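All figures in this text were calculated on a predicted structure; none of them were measured in a lab.
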Amino acid sequence: QVYVVEPGGGLVQPGGSLRLSCAVSGSIFSINLMAWYRQAPGKQRELVAAITSGGSTNYADSVKGRFTISRDNAKNTVYLQMNSLEPEDTAVYYCHTDVAYYDGSPYFRYWGQGTQVTVSS
């Protein structure tokens, strides 16, 4: 049983900050890639940021310099620190993880339930 929970969403004013977290629990051996996606109504889901198990990161051009992804491997948790938020950042944000159940196993992909982030005055 693997559970992915995503607290941290909410309403924030333009220019404000918000921190999302995604915790993965269960009988897991390791987590490789962790990433954040977002999807606005009527739009395609897009990759926001990703981080490898070693800490290498990648960001969408639209969030570079404003968002920071990080992870705590001991807690199996990934964070997304969002600064200088803009109305265009309004979307449902989804956590994505690649989980291995034992040494040498394939990685299985899991999605969080999504958390709403609304940037508005």
Side-chain angles (χ1 to χ4, degrees):
Q1 294 292 125
V2 175
Y3 300 91
V4 182
V5 295
E6 298 175 334
L11 176 65
V12 64
Q13 293 184 338
S17 298
L18 197 64
R19 190 187 191 191
L20 305 181
S21 63
C22 172
V24 183
S25 62
S27 299
I28 60 177
F29 177 77
S30 65
I31 301 175
N32 187 22
L33 188 70
M34 305 186 81
W36 289 96
Y37 290 75
R38 68 185 181 187
Q39 186 170 24
K43 295 185 178 180
Q44 190 175 4
R45 186 174 299 184
E46 63 176 347
L47 177 67
V48 177
I51 184 168
T52 69
S53 60
S56 298
T57 59
N58 288 285
Y59 297 92
D61 289 340
S62 60
V63 306
K64 286 182 178 178
R66 300 188 297 120
F67 290 10
T68 302
I69 189 171
S70 61
R71 63 190 287 170
D72 186 335
N73 291 328
K75 297 181 179 180
N76 291 329
T77 301
V78 62
Y79 306 94
L80 185 66
Q81 179 66 46
M82 303 183 292
N83 298 325
S84 302
L85 283 163
E86 304 168 353
E88 292 75 19
D89 297 316
T90 297
V92 177
Y93 284 71
Y94 296 90
C95 175
H96 176 74
T97 68
D98 292 334
V99 177
Y101 295 107
Y102 55 89
D103 191 9
S105 79
Y107 281 91
F108 295 85
R109 297 180 177 180
Y110 291 91
W111 290 92
Q113 81 284 356
T115 185
Q116 177 70 48
V117 173
T118 302
V119 184
S120 179
S121 298

Open item on the list: Side chains of Arg38 and Val117, heavy atoms from C-beta outward: is any pair under 4.5 Å?
Closed with: no

Open item on the list: Looking at every heavy atom in both Arg71 and Ile31, which two are closest together, and how far apart are they?
Closed with: NH2-O, 3.0 Å

Task: Asn73 side, atom CG; Ser53 side, atom OG - distance, nearest 0.5 Å - done: 7.0 Å

TODO: Mind checking the CD-OG1 spacing from Gln13 to Thr118? Nearest 0.5 Å is all I need.
DONE: 13.0 Å

- [ ] With the side chain counted from C-beta on, respond yes when Thr68 and Tyr79 share a heavy-atom pair under 4.5 Å apart, and no when they do not.
- [x] no

Task: Tyr94 side chain reached by Cys22 side chain, heavy atoms, under 4.5 Å - done: no

Task: Student check: side-chain heavy atoms of Tyr37 and Val92 closer than 4.5 Å - done: no

Task: Pairwise distance OG1(Thr97) to CZ(Phe108) - rounded to 0.5 angstrom - done: 12.0 Å

Open item on the list: Once rounded to the nearest 0.5 Å, what's the spacing between atom CG of Asp89 and atom OG of Ser62?
Closed with: 7.0 Å

Task: Pairwise side-chain contact, Leu11 with Ser120, heavy-atom cut-off 4.5 Å (strictly under) - done: yes

Task: Smallest separation among heavy atoms of Lys43 and Gln39, with atom names - done: O-NE2, 3.0 Å

Open item on the list: If I compare all heavy atoms of Val78 with all of Ser70, which pair ends up nearest, and what's the gap?
Closed with: CG2-O, 3.2 Å

Task: Closest contact, heavy atoms only, Leu80 versus Ala49 - done: CD1-CB, 4.2 Å

Task: pair Gln116-Thr90: side-chain heavy atoms closer than 4.5 Å - done: yes

Open item on the list: Same cluster or not: Val48 versus Trp111, using hydrophobic residues (I, L, V, M, F, W, Y) connected whenever any side-chain heavy atoms lie under 4.5 Å apart?
Closed with: no

Task: Joint hydrophobic cluster, Met34 plus Tyr59, side-chain heavy atoms closer than 4.5 Å - done: yes

Task: Separation between CD1 of Ile69 and OG of Ser56, rounded to the nearest 0.5 Å - done: 11.5 Å

Open item on the list: Just so I know, are the side chains of Tyr93 and Glu6 near enough to count as touching, which here means a heavy-atom distance under 4.5 Å?
Closed with: no

Task: Distance-minimising heavy-atom pair for Leu33 and Ala50 - done: CD1-CB, 4.1 Å

- [ ] With the side chain counted from C-beta on, respond yes when Val12 and Met82 share a heavy-atom pair under 4.5 Å apart, and no when they do not.
- [x] no

TODO: Rounded to the nearest 0.5 Å, what's the gap from OH on Tyr102 to OG on Ser30? Could you check?
DONE: 11.5 Å

Task: Heavy-atom pair of closest approach, residues Leu20 and Trp36 - done: CB-CH2, 3.7 Å

